[in-house]
Amino acid sequence: VLKFMREKGALEPLSLDLRKMNLDFSVQALLSLGSEDARSALRQIIADPGYASTVRADAMRAASILGDRKALPALRAALGDADRSVRLGAVESVVALNARETWPYLVVLLAEGKDPADFADVIGGLTKLQVSQAADAVREAVERTAENPADLPSHERTHAEAITYFRTVKAVSALPVLFDFLMHPTPEIRLQSVAAVRELAGSNLGTLEEWKTQDAEWRSGKVAEWRAMAGGSEGSQSDSAAAAVPDSGSLSQNRPPNGESPPGGSSARPASALPQSDDIPSAPPGRLPEEPKPGAQTFTPSASSASRVPPT
């Protein structure tokens, strides 16, 4: 197909080396055409669970390369897909399209995520979209990954992405988590947390070299001093975070004041995470795109296509 299109000059308008894109051949063909019919076909591939997950993820990348915002309904639905590669492909694509209005769907991934391994990519996407409204959802997701201290090293990437997010959106409410991360077993996470606390709490305690080399007892003393400073500050930005600073350094104890879990358990969507504004999409997460209208051109792949997943 690509050879035929090259002979017909169909690839000339798109200055991409498709062989380096590592995309499925059928998706490459549609990407190279770039027409409205081709874009419509890509949208249908994204929405159709009958295709292999790798082909659907490739179609998402192609749609984002073409800047096709009409693919957003299918991408929003794909955020809730059972296949991780499809979910993460959708996250990557909505970020590439700079679709900031999809952030409530990303929050759902954090609150009701099928796999905590998704968290790093989702939080990274929220950082790139600069969505400050998701700060509570990010904090709660991070707290869940840190409930068992033995699991902290396995979530390093999530914690690093969360620290970057908190610094980017100036999330003072995240100070309790950052205070706890000052005692993180990973040195790099500790140093990133020091930089974040300095920015958000507006104070300096110890040099970076000291935080890198001193023992746990020294760090614990500094953390206690920082907590006291945050709690004693009035009329400042850090004062607003002091009410949320827990008495204990354990992330697992960061719970609502009455000690109860949020309605629906820890996986329930945080009510404060979603804005009451017009930028929330009207279609709920998980809804597939509407069927094409009668007379509209559709893309019907051959049943013998190698890209198609055979029916079970």
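Between P187 and P185, the shortest heavy-atom distance links the atoms CD-O, 3.5 Å. I163 and A196 get closest at one heavy-atom pair: CG2-CB, 4.0 Å. The two residues A62 and V27 have their closest heavy-atom pair at CB-CG1, 3.7 Å. In terms of heavy-atom proximity, P116 sits nearest to T158 at O-OG1, 4.2 Å. Heavy atoms only, all atoms of each residue included: A171 and L200 are closest at O-CD1, 3.5 Å. Considering every non-hydrogen atom in both A120 and E161, the closest pair reads O-CG, 3.6 Å.
Judged by distance alone, with hydrogens and angles left aside, the side-chain atoms of R139 form no donor-acceptor pair with the main-chain N or O of A174 at under 3.5 Å. Under the 3.5 Å distance criterion, the side-chain polar atoms of S35 are matched with a main-chain donor or acceptor of A38. Not one N or O on the side chain of S40 forms a donor-acceptor pair closer than 3.5 Å with the backbone of E36. Put simply, the side chain of R43 never gets that close to the backbone of A71: no donor and acceptor are under 3.5 Å apart. A donor-acceptor distance shorter than 3.5 angstrom exists from the side chain of R39 to the backbone of G34, with no hydrogens or angles considered. In this structure, Y51 contributes its side chain and Q44 its backbone to no donor-acceptor pair below 3.5 Å. With S220 contributing its side chain and A216 its backbone, the two residues share no donor-acceptor pair below 3.5 Å. Proximity of a side-chain donor or acceptor of R87 to a complementary backbone N or O of D115 within less than 3.5 Å is not detected. In this structure, the side chain of S53 does not engage the main chain of S85 through any donor-acceptor pair within 3.5 Å.
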Verify salt bridge (charged side-chain N to carboxylate O under 4.0 Å, His left out) between R56 and D48, making sure each step is shown before the conclusion. CA-CA 8 Å; R56 295 177 67 197; D48 188 348; over 6 Å; no
For V177 and E143, what are the C-alpha separation, side-chain angles and deciding distance, and is it a side-chain contact (heavy atoms from CB on, under 4.5 Å)? CA-CA 7 Å; V177 172; E143 288 172 354; 3.9 Å; yes
Test side-chain contact (heavy atoms from CB on, under 4.5 Å) applied to L30 and I45, step by step: CA-CA 11 Å; L30 294 171; I45 292 174; 3.8 Å; yes
Evaluate the side-chain contact (heavy atoms from CB on, under 4.5 Å) criterion for residues V91 and D118: first the C-alpha distance (whole Å), next the side-chain angles of each, then the deciding distance (0.1 Å), finally the verdict. CA-CA 10 Å; V91 172; D118 295 352; over 6 Å; no
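Tested against L178, the residues V223, V194, V197, V172 include a single side-chain contact (heavy atoms from CB on, under 4.5 Å) partner, V197.
Between S132 and K170, every side-chain heavy-atom pair lies at or beyond the 4.5 Å cut-off. No side-chain heavy atom of T102 sits less than 4.5 Å from a side-chain heavy atom of L75. Counting only heavy atoms from C-beta outward, the side chains of L97 and L72 approach each other to under 4.5 Å. Between V169 and V138, every side-chain heavy-atom pair lies at or beyond the 4.5 Å cut-off. Proximity of L66 to L42: side-chain heavy atoms (C-beta onward) are separated by under 4.5 Å at one or more points. In this structure, M60 and V86 have side chains that are in contact, with non-hydrogen atoms separated by less than 4.5 Å. Contact of the L106 side chain with the L129 side chain is registered, since non-hydrogen atoms from C-beta on lie closer than 4.5 Å. Side-chain contact between V142 and F181 is present, with at least one heavy-atom pair separated by less than 4.5 Å.
A salt bridge links R157 to D121: one of the charged nitrogens lies within less than 4.0 Å of a carboxylate oxygen. Using a 4.0 Å cut-off between charged side-chain N and carboxylate O, K128 and E92 make no salt bridge. At a threshold of 4.0 Å, the pair E140-R144 does not count as salt-bridged, since none of the basic side-chain nitrogens sits closer than that to a carboxylate oxygen.
In this structure, S173 OG and F166 CZ are separated by 7.0 Å, a value rounded to the nearest 0.5 Å. With values rounded to the nearest 0.5 angstrom, H155 atom NE2 is found 8.5 Å from N148 atom CG. For the atom pair CG (L109) and CZ (F119), the distance works out to 8.5 Å, reported to the nearest 0.5 Å. Summarising the geometry, atom CZ belonging to R167 is positioned 9.5 Å from atom OG belonging to S193; distances are rounded to the nearest 0.5 Å. E147 contributes atom CD, which lies 11.0 Å from atom CG of L152 (distance to the nearest 0.5 angstrom). The CG atom of L175 sits 11.0 Å away from the CG atom of D180 when rounded to the nearest 0.5 Å.
L88 and V108 fall into different hydrophobic clusters, where Ile, Leu, Val, Met, Phe, Trp and Tyr are joined by side-chain heavy atoms under 4.5 Å apart, directly or via other members.
Ring pair H184/H159 is perpendicular by interplanar angle, where above 60° counts as perpendicular and below 30° as parallel.
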